[in-house]
Q: 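Sharing a structure here in structure tokens format.
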Amino acid sequence: MLSLTVRAGDYITIGDDIVVQVLKTGDVFRLAVDAPRSMQIERAKIREQSGAAPECIQRVQKLPAIGKYPKRAQSSNAMTR
């Protein structure tokens, strides 16, 4: 799973046919998705009512809360200046 830090107006592309843009309206962030009509797009609530969350989301939900990840060890071959 790709995790990005984004700001209002930023967008990502998925393949040649899908664009996801971050919009901000007051204190709320919204996502605008431009994709072919043949592609099904569902909100999490709807997906989870009809079945389980996708496997990638289940993995993320099992991760520790932000800020509780163990620090990475320094690489022994890291370049110093």
Q: Counting only heavy atoms not in E42, do more than 12 fall under 6.0 Å of its CD?
A: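 Atom CD in E42 is packed in, count exceeds 12.
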
Q: Out of the candidates V33, L31, I18, V20, only one should pair with I41 under the side-chain contact (heavy atoms from CB on, under 4.5 Å) rule; please name it.
A: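 Of the listed residues V33, L31, I18, V20, the side-chain contact (heavy atoms from CB on, under 4.5 Å) partner of I41 is V33.
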
Q: Among all residues two or more places apart in sequence or in another chain, which pass the side chain to side chain contact (heavy atoms under 4.5 Å, CB included) test with L2?
A: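 Per chain and number, L2 pairs via side chain to side chain contact (heavy atoms under 4.5 Å, CB included) with L4.
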
Q: Would you check if the side chain of Q21 reaches a backbone N or O of Y11 as a donor-acceptor pair within less than 3.5 Å?
A: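 Judged by distance alone, no pair lies under 3.5 Å.
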
Q: When rounded to the nearest 0.5 angstrom, what is the spacing between CG in D34 and CE in M39?
A: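 The distance works out to 11.5 Å.
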
Q: Just so I know, are the side chains of V22 and K24 near enough to count as touching, which here means a heavy-atom distance under 4.5 Å?
A: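 Result no, sub-4.5 Å side-chain heavy-atom pair not found.
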
Q: Are I14 and V6 linked, directly or through intermediate hydrophobic residues, by side-chain heavy-atom contacts shorter than 4.5 Å (ILVMFWY only)?
A: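 Yes; tracing contacts between hydrophobic side chains, which count when under 4.5 Å, links both residues.
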
